[in-house]
Each structure stands twice: as C-alpha cells, then as structure tokens.
2 protein chains.
Amino acid sequence: MPTQTRRERAREERRTLILRAARDLAESEGWDAVTTRRLAEAVDYSQPVLYGHFKNMDAIADAVALEGIAELTEVFRAARSSATDDTAGLRALAQAYLEYADQHPAVYEAMFVRRTDLQFGRSETPASLTDAFNEIRAVVEPFATDDPESLTEVFWSALHGIATLTHGRRLRSTHHQARLETLVSRFIGNK
Amino acid sequence: MPTQTRRERAREERRTLILRAARDLAESEGWDAVTTRRLAEAVDYSQPVLYGHFKNMDAIADAVALEGIAELTEVFRAARSSATDDTAGLRALAQAYLEYADQHPAVYEAMFVRRTDLQFGRSETPASLTDAFNEIRAVVEPFATDDPESLTEVFWSALHGIATLTHGRRLRSTHHQARLETLVSRFIGNK
DNA sequence: TCTGAATCCTAGCACTGCTAGACAATCTAG
DNA sequence: CTAGATTGTCTAGCAGTGCTAGGATTCAGA
C-alpha cells in the first residue's frame, strides 16, 4: 500500500526533524535548554508528539549520540586515509578527535559524557559503536607490544580526558598543540 | 562577644551538616536526587535555609568539590610518600586516583565532570586546586623531557578519561589493572 | 518585660518531564 | 457517498524542580 509507506515516510521525516532540532538547540544553548516544550515549539508540534517517536528525552539524546558516532567514524576514516605512515595516522586521528569534540560539544557530550542507555561493551552494542572503536584501534595497533585492546582504551581515554577537561575549562586554554604532540609522542614509543 | 561566636559556630556547623547531607545523598542516589526539598528534609530545615548558606544548588556541589579536592590531595601525598622510586610513585598515584574516582563517584563528578564555576587555570584559582595538580606534576616530572606542564595535563587527562569512561560503562568492566599498567608504561618511557 | 533584630517557614511563581482524555482528520467498508 | 473505525494531534493537568517574597517566630540586649 503506497498510503502506508507515504505515512511512514512522513513519520520518518518528522523523526529526523525532531533530532535535527534537538541537536541544533543543544549545540547553541546546551542540553539544559533542550526541554520538551522548547523542542516541540521548534518543530511546531505539541509535546506529546515527541513521545510518539521517542520513549523520553534521554532517548532523543541517545539518538543524537548514535548519529554523532556514525559521523565520528567517518571523520576517523578520513583522517586515517589521509596519513602516509603509522605515526601520521595516529596524529591525524588524535587531531581529528579533538577537533570534532571542540566543534560539536553537545553531540560529544551526548556520545561520551551524558548518562546513556547505549550499551558500549556488550554484545548488543550497535555496530556503529564498535566501528568507531575499531577505527581508533587501527591507528593504535601498530604501536602495541602486547595488548592492543587495552592500549586502544587508554589512548581513547587520554583523548577523551583532554576533550572534556578542555571543554570544562580545567586545562590551560592554550597549549592545545603541545598536548597533542605530547600524547602522540608517548604512544609512538619515544622515537 | 561569646554569643556572637556561638552563633557563628552554630552556623558553621549547619553549613557542614548541609554539605555532609548533600554528599551522602549524591553518593547514594546521584546528583539528580540532590534537590532542595530532599536536602532540606535531610537536614530538617526548610529550603530557604539552604540559600542562607549557599547562593544556589550549584554552589553546594562546588563546595563538595572543594572538599573532595583537599581529600584527593591528601590521597596523592600518601601515595607518593609510600613509593620508593619514581616509577612506583607514578603507578601509586595513578592507582590512588582511579580508586578514589571509583569509590567516590559523586564527589569525583562534582570536581571534574559537572559544570562548575570553580576557576582552574586562572590566578584566582583556590590554592587547593593547584596543590592537587602539583602533586600529579611531582610524580610526572621525573619522566618529562621538555614540557612537564603539558605532560602533567596529558597524564591527568588519561586518568580522567579512564575514570569517567569506566564509570559510564564505556570501557570493558574488566582489565582495570591492564589499563593502569599500560598507562604507566607509556609514561615512564618504555623501559 | 519590652523592643528591635535575627531567624525561619509558609506559600507561591515559573519552570520541568510526562500523560490522560477530548477532539479532529483520515482511511476502510458497505 | 456515507458510517464506523482508526490515526493523529492537542489541551489540560499532575507531580516534581529551583528559587524567593513576606509574614511569623524566636532571640538578644536594655
């Protein structure tokens, strides 16, 4: 039935409209500003409509997070493919990571800071989550001596720490490049 | 006047009572559960009393954070003094850091995750903040080749990343020790 | 005991997430 | 084309939030 599919398409469009509005609002005014009323007003519907698409507000943030992870994975791929050797690959990914976090703080927060129901380490983990992790792993692995998984986790943690502490104004607002180089030098093994 | 001082002492006691209640509530049910009403009930006063001691709820969390930073600094000192050489010092501090974050997640969140008005890098930074940072710096410095400040920031970032990603269930729930050893090995320079 | 000051609480505002129930639009079947 | 069922949407409301104005109460000093 074409009627049904048209309806479904309209529904799908409205879903993305909501996500788009939520993301824009979060990026411009922070997640605290993303309330049901403001979001409903932004998409020109009443609040209950939101609950027809998402279980609750947290589910909206989770959906934005999933979108962001797919984006981030693409950013990683681009960074990796632009590099000519292993060291350049590591540096490019690190730089790309910190840039993404800096330019999309709200999406970054939804992905890696906010409390979320998304399962990261489990078997039901969405493929996109493991995809992103594997991209990091790919650039870290050449420098691993024994346990690439742990090394990847630690490298990611360092990037995450730099991103969040910087955003929270807990690190010096300068020396971005110095921190990046310091991090990279410690992971390529002091050559 | 002894009357005045007794009053002031009572005021001070109530202030610490509030902080104690806030901290306990946050640790047992999370910061979302620390509302003015519940907190007021816990200390057996009405909400407005809270505002006689703190500008707003965020100021209460900030006060808990300051307390925590003093605690953490002591933990650092103990870890450092228990170590016999530089490598052991680095490892001991890292271990102590992650243990503290794991055992006091709410205080940790107040210190390093929640949005805060506390100034970290500026001149008006409370001394306790720089004290804690300097403790980290002290164990990192022996392994610095050129820029100890940046190296300290990166080491702290890695610890912070591991702590928060672990708490948010974004890293494997196992391999704690492996991550710690991996981190330490990268900072002592692959000996 | 009386007076002025310090202290504390009740009540309320504007906001939050979320939902029940009324209403309107649309599709289906006769 | 119409009657009935199904969707879709909105209004209104609940229980909770941070925070505050203003009145009641207690207390200190004369």
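dG16(D) atom P lies 17 Å from atom CG of Leu39(B), rounded to whole Å. Atom pair Ile18(A):CD1 and dT9(D):P shows a separation of 10 Å (rounding to whole Å applied). Between the C1' atom of dC10(D) and the CZ atom of Arg14(A) lies a distance of 12 Å, rounded to the nearest Å. Taking atom CZ on Arg38(A) and atom P on dT16(C), their separation rounds to 8 Å, with Å as the unit. As a whole-Å value, the separation of Glu13(B) CD from dT7(C) P is 15 Å. Nucleotide dT7(C) holds its P atom 16 Å from the CZ atom of Arg15(B), rounded to whole Å. Spacing between atom CD of Glu41(B) and atom P of dC8(C) amounts to 18 Å, rounded to whole angstrom units. We find that CZ of Arg11(B) is positioned 17 Å from P of dC27(D), with the value rounded to whole Å.
Remark: aromatic rings of His104(A) and Tyr108(A) are distant, center separation not under 6.0 Å. Two rings, from His53(A) and Tyr45(A), have their centers 6.0 Å or more apart. Aromatic ring centroids of Phe155(A) and Phe187(A) lie under 6.0 Å apart.
Among the nucleotides dA21(D), dC18(C), dT9(D), the one closest to any side-chain atom of Pro48(B) is dA21(D).
Backbone-only engagement by Thr35(A) is indicated by non-hydrogen atom pairs under 4.0 Å involving sugar-phosphate atoms exclusively.
Comment: Asp58(B) engages Arg114(B) in a salt bridge, judged by a side-chain N to carboxylate O separation of less than 4.0 angstrom.
The side-chain heavy atoms of Arg37(A) and Glu41(A), taken from C-beta on, include no pair separated by under 4.5 Å. With a 4.5 Å cut-off on side-chain heavy atoms, Thr36(A) and Met57(A) count as touching. Between Val139(B) and Arg91(B) there is no side-chain heavy-atom pair separated by less than 4.5 Å.
A residue-by-residue look at Arg37(B) and Tyr45(A) shows that Tyr45(A) has its nearest nucleotide of DNA chain D further toward the 5' end. Checking Asp32(A) against Ser46(B), the closest nucleotide of DNA chain C that is more toward the 5' end is the one next to Ser46(B).
In this structure, Tyr97(B) and Phe112(B) have parallel ring planes: the angle between them is below the 30° cut-off, well short of the 60° mark.
Near DNA chain D, defined here as any heavy-atom distance below 4.0 Å, the residues from residues 50-68 of chain B are Tyr51(B), Asn56(B), Met57(B), listed numerically.
In summary, of the residues considered (Arg172(A), Arg170(A), His175(A)), a side chain to side chain donor-acceptor pair (under 3.5 Å) with Glu153(B) occurs for Arg172(A) alone.
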**Asked** Once Watson-Crick and G-U wobble pairs under 3.5 Å are found, how is DNA chain C written in dot-bracket notation, 5' to 3', with | for any base paired to another strand?
**Response** ||||||||||||||||||||||||||||||
